[in-house]
2 protein chains.
Amino acid sequence: MSFLSHLSSIISISKSLESELDIITKQVNFQKNQSVKEIGNRCNDLYFVEKGLLRGYYFDNGKEITNWFAQENEFATSLYSLVAMKPSPEAIEALEECTLIQLPYSSLQNLYIKFPETERLGRIIMEAYYIKLEERLLNIQFKTAKERYHNFILSKPTLLQRTSLGQIAGYLGITQETLSRIRAEV
Amino acid sequence: MSFLSHLSSIISISKSLESELDIITKQVNFQKNQSVKEIGNRCNDLYFVEKGLLRGYYFDNGKEITNWFAQENEFATSLYSLVAMKPSPEAIEALEECTLIQLPYSSLQNLYIKFPETERLGRIIMEAYYIKLEERLLNIQFKTAKERYHNFILSKPTLLQRTSLGQIAGYLGITQETLSRIRAEV
DNA sequence: TTCCTTTTTTGACATTTGTCAAATAGTTTG
DNA sequence: CAAACTATTTGACAAATGTCAAAAAAGGAA
């Protein structure tokens with residue numbers, strides 16, 4: 001239910017849109033450590049996290065790098081793969097037992113046409129995600145590893161408990177040894 | 001005219017939308033090195049570059065850091081300021097003589113309401129910009145300074161001639177001394 | 001051209017972060 | 001509980017990049 005209430009905090013959802021959403025979305029469950037999407041496949045779905053925690057990761061020189069986390073009430077997908085319709089270099093994994101709302105991209109396209117008011121929804125969500133990404137870029141580009149870590153603690157305190165050191169390190173763009181040392185420093 | 005043709009490459013623009021766009025946009029010109037927007041002001045406008053080159057920059061520890069470039073057929077604004085309606089930490093400057101299309105955010109909001117098909121336009125543009133930003137983040141996060149520079153040469157060759165060393169260095173997240181050394185290396 | 005200003009390069013050195021290897025701590029499972 | 005994993009920490013050192021200062025080069029203006 002949190003999917004609908006999240007959407008209706010952005011635009012008002014008519015009854016007919018609500019039932020359409022009900023038809024095209026599917027609730028899916030994943031267990032802890034289960035793979036949601038593997039590398040190389042096209043990502044055809046948009047996910048919304050109702051419960052649990054996802055991470056996106058990929059490989060860089062044989063090393064697994066966590067690229068994002070998506071927790072409750074956040075969307076997750078490989079946007080690049082979705083929009084460009086190309087294979088995704090990115091995998092998605094459940095870090096906890098998850099309840100996700102799955103929305104196939106093709107259904108989303110139809111939804112945009114059938115319910116044009118959802119375009120607004122799409123735009124507003126994209127704007128918000130863009131701003132978040134911009135903040136993250138500035139953070140990585142101009143802050144030291146220590147500053148980034150402290151920023152992470154402030155902005156995503158709950159993730160500290162729910163993820164591993166190596167995952168956070170990748171997300172912050174540093175090695176886990178460096179992160180371990182930053183932690184020890186205090 | 002390139003503004004309209006750029007938009008119509010994304011969605012079809014009806015006559016009435018075209019004349020509405022004509023009413024709400026204004027062509028503005030800036031000279032080389034002229035300031036388009038200063039730091040601390042709210043950014044109320046979206047710009048489209050018809051001719052010339054803009055850069056966005058801000059100050060980090062007293063140092064001026066170029067954050068983005070916008071060349072012909074690209075949009076430019078401080079999205080954060082625009083969407084959050086807060087003062088922008090970012091300034092915009094013309095690096096060359098520029099012809100811009102200026103669209104006030106309030107007019108854009110009305111446009112979204114009056115011509116709902118423009119929501120689609122907004123969404124698609126946001127998606128494309130998001131993907132670009134994502135690529136840039138990955139680049140900065142996991143590539144060496146040298147790799148980033150070579151990437152820049154490949155992806156934005158024309159900007160090499162049109163910008164200064166210091167501006168490129170800031171954009172790549174390195175100091176200009178380092179960039180100078182990378183150049184010398186070859 | 002010549003002076004003046006700005007941009008770029010170079011040098012010497014400091015700092016940050018990465019790499020690889022090993023030790024320790026923590027968790028899970030039989 | 002013990003064995004077997006897995007995650008985290010630590011050490012020694014290397015590599016990348018930053019800092020500050022000065023020199024050289026390039027670009028404009030008188």
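Quick note on labels: first sequence line is chain A, next is B, and so on, each numbered from 1.
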Nearest-angstrom distance from the residue atom CZ of B/F142 to P of C/dT17: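 Going from CZ in B/F142 over to P in C/dT17 covers 15 Å.
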Would you mind classifying the nucleic acid contact of A/S180 as base, sugar-phosphate or nothing, using non-hydrogen atoms under 4.0 angstrom?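 Base contact.
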Sub-3.5 Å donor-acceptor pair from the side chain of A/T77 to the main-chain atoms of A/L46, do we have one?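 Looks like no, no N/O pair under 3.5 Å.
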Which letter, B, S or -, goes with each nucleotide of nucleotides 14-20 of chain D from 5' to 3', with contact meaning a protein heavy atom under 4.0 Å? ---SSBB
Do B/R123's NZ or CZ and the ring of A/Y112 fall within the cation-pi criteria of under 6.0 Å and 45°?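 Relative to the ring axis of A/Y112, which defines the angle, B/R123 lies inside both limits.
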Check this for me: B/E64, atom CD, are more than 12 non-hydrogen atoms of other residues, nucleotides or ligands nearer than 6.0 Å?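 More than 12 within 6.0 Å, yes.
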Between P on C/dG18 and CG on A/L172, what's the gap in Å once rounded to a whole number?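 Taking atom P of C/dG18 as the reference, CG of A/L172 is at 11 Å.
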In whole Å, I'd like the distance from the CG atom of B/N33 to the C1' atom of C/dT5.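 Distance, rounded to whole Å: 14 Å.
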Can you check the A/Q161 CD to D/dT8 C1' distance for me, whole Å?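 Rounded to the whole Å, the gap is 16 Å.
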Would you mind reading off the distance between A/E185 atom CD and D/dG11 atom C1', rounded to a whole angstrom?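 Rounded to whole Å, this separation is 16 Å.
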Check whether the ring centres of A/F75 and A/Y47 lie less than 6.0 Å apart, and answer yes or no.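 Here the rings of A/Y47 and A/F75 have centres that are no less than 6.0 Å from each other.
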More than 12 heavy atoms from other groups under 6.0 Å of NZ on B/K86: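 No, the 6.0 Å shell around NZ holds no more than 12 heavy atoms from other groups.
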Would you kindly give the CZ-to-P distance between B/R183 and C/dT7, to the nearest whole Å?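 Rounded to whole Å, this separation is 14 Å.
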The side chain of A/Q176 lies closest to which of these nucleotides: D/dT10, D/dT8, C/dT10?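 In terms of side-chain proximity for A/Q176, the closest of D/dT10, D/dT8, C/dT10 is D/dT8.
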Looking at side-chain heavy atoms only, is the closest gap between A/I174 and A/R148 below 4.5 Å?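 Heavy-atom side-chain distance check passes, below 4.5 Å.
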What is the separation between atom CD1 on A/I168 and atom P on D/dT9, rounded to the nearest whole Å?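 Atom-to-atom, A/I168 to D/dT9, this comes out as 11 Å.
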